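Along the sequence shown, the residues carry numbers beginning at 1. Just so it is clear, the model here is predicted, and its values are computed rather than measured.
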Amino acid sequence: AVDKIGQRSSADQLLLSGRFHKFNGYGDFARQLTRELIDLVPIAIQTTPEFHDQLKAKDWLQYVCDTEPHPGGEVSIQPTFSEMLPPKGDRAAMYTMFECDRLLPAWRARMNEFDLVIVPSNENAMHFRRQTTTKIVSVPLGIEFEHYHWKPFKERDVFTFGTAGHLGHGSTRKGLFRVIEWFQDAFPKFVKDVRLSVKLNRGHDNLDTFGDSRIELVPSDMSTEQLADWHHSIDVYADGSTFEGWGMFPCNSIAS
């Protein structure tokens, strides 16, 4: 569900930097954006040899070029666009997860500074096209089905709920405290056969669980394989986030 690409010119290029090594939302977005762009346009990946094994595992090593990666990103993706953009020398692209039907004037002005704004859904694209003058394209977030997929259900003695979110920068938008409140409202402490697993980012383990031993905090980074195992270890995923778009954790949970 993206704009038609048409004929391509090797001179029309953008440089997108992504942190492939991060096993969090940003890393997921970088890997998934690469996956989607490979199906749309010719790309060149710039990286250092330490990431070659990771790219080889995804069959992306064939796209690696000799150019050094752009400063600021461990892996840089250089897709070739043509009809997406007007003919210019210097180009700038923006990828945003904003999911709202009305943009503040400052946001509109910022987006209009870019040649291209990439969004994850047609809903985003529809609203933004009404309010901005820049080119808007939709590149949907997908699921790495080789990791996140259905497995036979295993009976467990304890019914497990799960939730996840980044708590950096004083963020409350993930709503993890809401999920804890929901859990404790639904299951008073005398109910012992339930559990809530809260996946946090590394170094953030100060979320208040009100002394509830049924609530497990997981404050560490996980690889894709470990995250897939975590999803398969829970029975229900609860999402309490607000003020942001649909994220990868709910997508991966549905697939699992």
Taking the six-membered ring for Trp, are the ring centroids of Phe187 and Phe161 within less than 6.0 Å of each other?
-> yes

Under the side chain to side chain donor-acceptor pair (under 3.5 Å) test, residues paired with Asp229 that sit two or more places apart = none

Okay, side chain of Ser233, backbone of Trp230: is any donor-acceptor separation there less than 3.5 Å?
-> yes

Which pairs with one or both residues in residues 183-194 pass salt bridge (charged side-chain N to carboxylate O under 4.0 Å, His left out), sequence neighbours excluded?
-> none

Please walk me through it: do Arg178 and Glu181 pass salt bridge (charged side-chain N to carboxylate O under 4.0 Å, His left out)?
-> CA-CA 5 Å; Arg178 296 188 193 92; Glu181 290 175 356; over 6 Å; no

Check against side-chain contact (heavy atoms from CB on, under 4.5 Å), Thr134 and Ile136 | CA-CA 6 Å; Thr134 191; Ile136 308 289; 3.7 Å; yes

Looking just at side-chain N and O atoms, do Ser121 and Asn124 make a donor-acceptor pair shorter than 3.5 Å?
-> yes

Contacts of Ala255 that satisfy side chain to side chain contact (heavy atoms under 4.5 Å, CB included) - sequence neighbours left out = Ile143, Phe145, Tyr148

Partner residues of Arg108 under the side chain to side chain donor-acceptor pair (under 3.5 Å) criterion, sequence neighbours left out | none

Residues two or more places apart in sequence or in another chain: which of them pass side chain to side chain donor-acceptor pair (under 3.5 Å) with His127?
-> Glu123

With sequence neighbours excluded, tell me which residues meet salt bridge (charged side-chain N to carboxylate O under 4.0 Å, His left out) with Asp235.
-> Arg156

State which residues pass salt bridge (charged side-chain N to carboxylate O under 4.0 Å, His left out) with Arg130; sequence neighbours excluded, sorted by chain then number.
-> none

Residues at least two apart in sequence or cross-chain that pass side chain to side chain contact (heavy atoms under 4.5 Å, CB included) with Ala238, listed by chain then number, are Val179

With Glu216 via salt bridge (charged side-chain N to carboxylate O under 4.0 Å, His left out) - residues at least two apart = Arg195

Shared hydrophobic cluster, Ile215 / Val158 (ILVMFWY, side-chain heavy atoms < 4.5 Å) = no

Listed partners of Phe190 passing side chain to side chain contact (heavy atoms under 4.5 Å, CB included), at least two apart | Pro188

Would you please name every residue forming a side chain to side chain donor-acceptor pair (under 3.5 Å) with Thr133, sequence neighbours left out?
-> Asn112

Applying ring pair (Phe, Tyr, Trp, His ring centres under 6.0 Å) to Phe128 and not counting sequence neighbours gives none

Between Ser256 and Trp150, a side-chain donor and acceptor under 3.5 Å | no

